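Structure record follows, encoded as structure tokens.
Positions are given from 1, in the same order as the sequence printed here. Here the structure is a predicted model, which is why all the values come from computation and not from measurement.
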Amino acid sequence: MALGVFVLTLAALLLLKKIILFRLKAWSSKSVNRWDDIFFQALARTQTWFLLLLSATFAVGMLKLSPAADRLFHNLAFSGFLLQTAFWGSALITGYLAYYRSARLASDAESVTTVGVLGFLAKLGLFSVLLIIGLENAGINVTALVAGLGIGGVAVALAAQNVLGDLFASLAIALDRPFAIGDFVVLDSMRGTVERIGMKTTHIRSLDGELIVLPNSHLINNRLRNFKRMRERRVLLNLGVLYETPLALQNKIPDILRAAVEGQNRTRFERSHLSGLGEYAIQFEMVFYVLSPDYQVFMDLQQAILFDIQGRFQREGIRFAYPTRALLLRHFDSRVSGKEVPSLFNMPP
């Protein structure tokens, strides 16, 4: 009779699992809500051995076992339930993280990083709680075990300082959000786009195409520049004109520079002045802003402004300066001790 109950219960559970998964899959395909997909993925992680163990529990209830065997079987069944709960919980957390990542990556990449780290901590917490419950159910003194693990944890922490430093650095990145996936960052001489933020390392794709793997602690402890967080770009432009440029034309140059900037969209002019008298040029300085953090937009607008300045200078007859040196020669004769000495430069004065 116990064997019959086991077979019938197992068949019913397998059929029930198949029907529920079929119904839930059909429902999720018609629904725009992602929660039903997440629950489907979690139920799909129901293990066959768990159904076998559950069926055996019903069947064993019909048998008269010794107290020791009965206690052993119930401990085994409870441990199997805890392990299956770990599969369900892990699938729920993984499904939620995948849904959140796909929904928020484009609009809020920083929160994706935070949720990824918190998801890892949630799984770690879930497994830890289930492990403690399982050990306590097996009759192990959990209090003494936790105390022993605390002492051993100190030794492990001292031996793995670098690893733990990277783990805590990943938590700091998740909470402080100095950068996120897709950000263009600069660290020392390294430039690239963040592709992945892990618990120990961060992957950055450089401009040359290679993948750079950096410890999280290195990113936290060094000065990092995040170009994606820019709201606008400040441009400082220096140029020089010839000293032969008439003063009346020099007075026009600040207005010419201003007109070249204001003639472009998505720019904001700040100032333009004669900034100095250089070694070979009269120097002018201009500052303006490009109202976009995008590097391609910045380069396009700067190029358009420079072309416009050249055109305006050509129409006004203003010439740019380039490095030159003028050598002045003087014709002279000198007499030493009553004798005529040939001139050093035999040229007219």
>> Under the ring pair (Phe, Tyr, Trp, His ring centres under 6.0 Å) definition, can you give me all pairs with a residue in residues 262-295, not counting sequence neighbours?
In response: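 Passing the test, one end in residues 262-295: Tyr295-Phe298.
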Measure the shortest side-chain to side-chain distance between [X] and [Y] over non-hydrogen atoms and say whether it is less than 4.5 angstrom.
X: Val235; Y: Val287; result: no
X: Asp300; Y: Gln296; result: yes
X: Phe50; Y: Leu83; result: no
X: Leu257; Y: Ile309; result: yes

> Side chains of Ser292 and Arg266: do they bring a donor and an acceptor to under 3.5 Å?
Replying inline: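 There is such a pair between these side chains.
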> When you look at Thr9 and Leu54, which way does the side-chain contact (heavy atoms from CB on, under 4.5 Å) test go after all the steps?
Replying inline: CA-CA 8 Å; Thr9 304; Leu54 193 60; over 6 Å; no
[Y] reachable from [X] in the ILVMFWY side-chain graph, under 4.5 Å edges:
X: Met1; Y: Phe58; value: yes
X: Leu239; Y: Leu306; value: yes
X: Val297; Y: Met299; value: yes
X: Leu237; Y: Ile318; value: yes
X: Val241; Y: Leu274; value: yes

> Residues two or more places apart in sequence or in another chain: which of them pass side chain to side chain donor-acceptor pair (under 3.5 Å) with Asn238?
Replying inline: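 Asn238: no side chain to side chain donor-acceptor pair (under 3.5 Å) contacts found.
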> With sequence neighbours left out, what residues match Lys17 under side chain to side chain donor-acceptor pair (under 3.5 Å)?
Replying inline: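 Here no residue qualifies.
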Could you grab the distance from atom [atom1] of [X] to atom [atom2] of [Y], nearest 0.5 Å is fine?
X: Phe307; Y: Gln303; atom1: CZ; atom2: CD; answer: 4.5 Å
X: Thr201; Y: His203; atom1: OG1; atom2: NE2; answer: 3.5 Å
X: Ser217; Y: Ile220; atom1: OG; atom2: CD1; answer: 8.5 Å
X: Ser90; Y: Lys123; atom1: OG; atom2: NZ; answer: 4.0 Å

> Which residue pairs pass the side-chain hydrogen bond (donor to acceptor under 3.5 Å, both in side chains) test with at least one member in residues 187-198, sequence neighbours excluded?
Replying inline: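 Checked against side-chain hydrogen bond (donor to acceptor under 3.5 Å, both in side chains) - neighbours excluded - the pairs reaching residues 187-198 are Glu195-Arg205.
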> Going by the side-chain hydrogen bond (donor to acceptor under 3.5 Å, both in side chains) test, which pairs reach into residues 45-56, not counting sequence neighbours?
Replying inline: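 Residue pairs passing side-chain hydrogen bond (donor to acceptor under 3.5 Å, both in side chains), neighbours aside: Thr46-Trp88.
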>> Using side-chain contact (heavy atoms from CB on, under 4.5 Å), reason through Arg23 and Ile19 one step at a time and then give a plain yes or no.
In response: CA-CA 6 Å; Arg23 295 282 187 179; Ile19 293 175; 4.2 Å; yes
>> Per the salt bridge (charged side-chain N to carboxylate O under 4.0 Å, His left out) rule, what does the pair list look like for residues 232-248, sequence neighbours excluded?
In response: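 Qualifying pairs: Glu232-Arg268.
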>> According to salt bridge (charged side-chain N to carboxylate O under 4.0 Å, His left out), does anything in residues 280-296 pair up with another residue at least two apart or in another chain? List the pairs.
In response: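 The answer is Arg271-Glu285.
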> Can you list the other members of the hydrophobic cluster that holds Met230, where links are side-chain heavy atoms under 4.5 angstrom apart?
Replying inline: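 Met230 shares its hydrophobic cluster with Phe184, Val186, Leu207, Phe227.
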>> My understanding is that only residues two or more places apart in sequence, or in another chain, count here; which of them pass salt bridge (Lys or Arg N to Asp or Glu O under 4.0 Å) with Arg312?
In response: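 Per chain and number, Arg312 pairs via salt bridge (Lys or Arg N to Asp or Glu O under 4.0 Å) with Asp308.
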> With sequence neighbours excluded, what pairs up with Leu92 under the side-chain contact (heavy atoms from CB on, under 4.5 Å) test?
Replying inline: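 side-chain contact (heavy atoms from CB on, under 4.5 Å) list for Leu92, sorted by chain: Ile38, Phe39, Ala42.
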>> Which residues pass the side-chain contact (heavy atoms from CB on, under 4.5 Å) test with Asp208, not counting sequence neighbours?
In response: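 Applying side-chain contact (heavy atoms from CB on, under 4.5 Å) to Asp208 gives Ser206, Glu210.
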> How close do Ile197 and Ile181 get, heavy atom to heavy atom, and via which atoms?
Replying inline: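 Minimum heavy-atom separation between Ile197 and Ile181: CD1-N, 4.2 Å.
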>> Is it true that, when you exclude Phe320 itself, more than 12 heavy atoms of the residues, nucleotides or ligands shown sit nearer than 6.0 Å to its CZ?
In response: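 Counting other residues, nucleotides and ligands, CZ of Phe320 exceeds 12 neighbours.
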> Ignoring hydrogens and geometry, is there a side-chain-to-backbone donor-acceptor pair from Thr85 to Phe81 under 3.5 Å?
Replying inline: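 Yes; at least one donor-acceptor contact below 3.5 Å.
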Which atom pairs, one a donor and one an acceptor, fall under 3.5 Å between side chains of residues 245-253 and the rest of the protein, sequence neighbours left out?
from, atom 1, to, atom 2, distance (Å)
Thr245, OG1, Leu242, O, 2.8
Gln250, NE2, Thr245, O, 2.8
Asn251, ND2, Leu247, O, 3.3

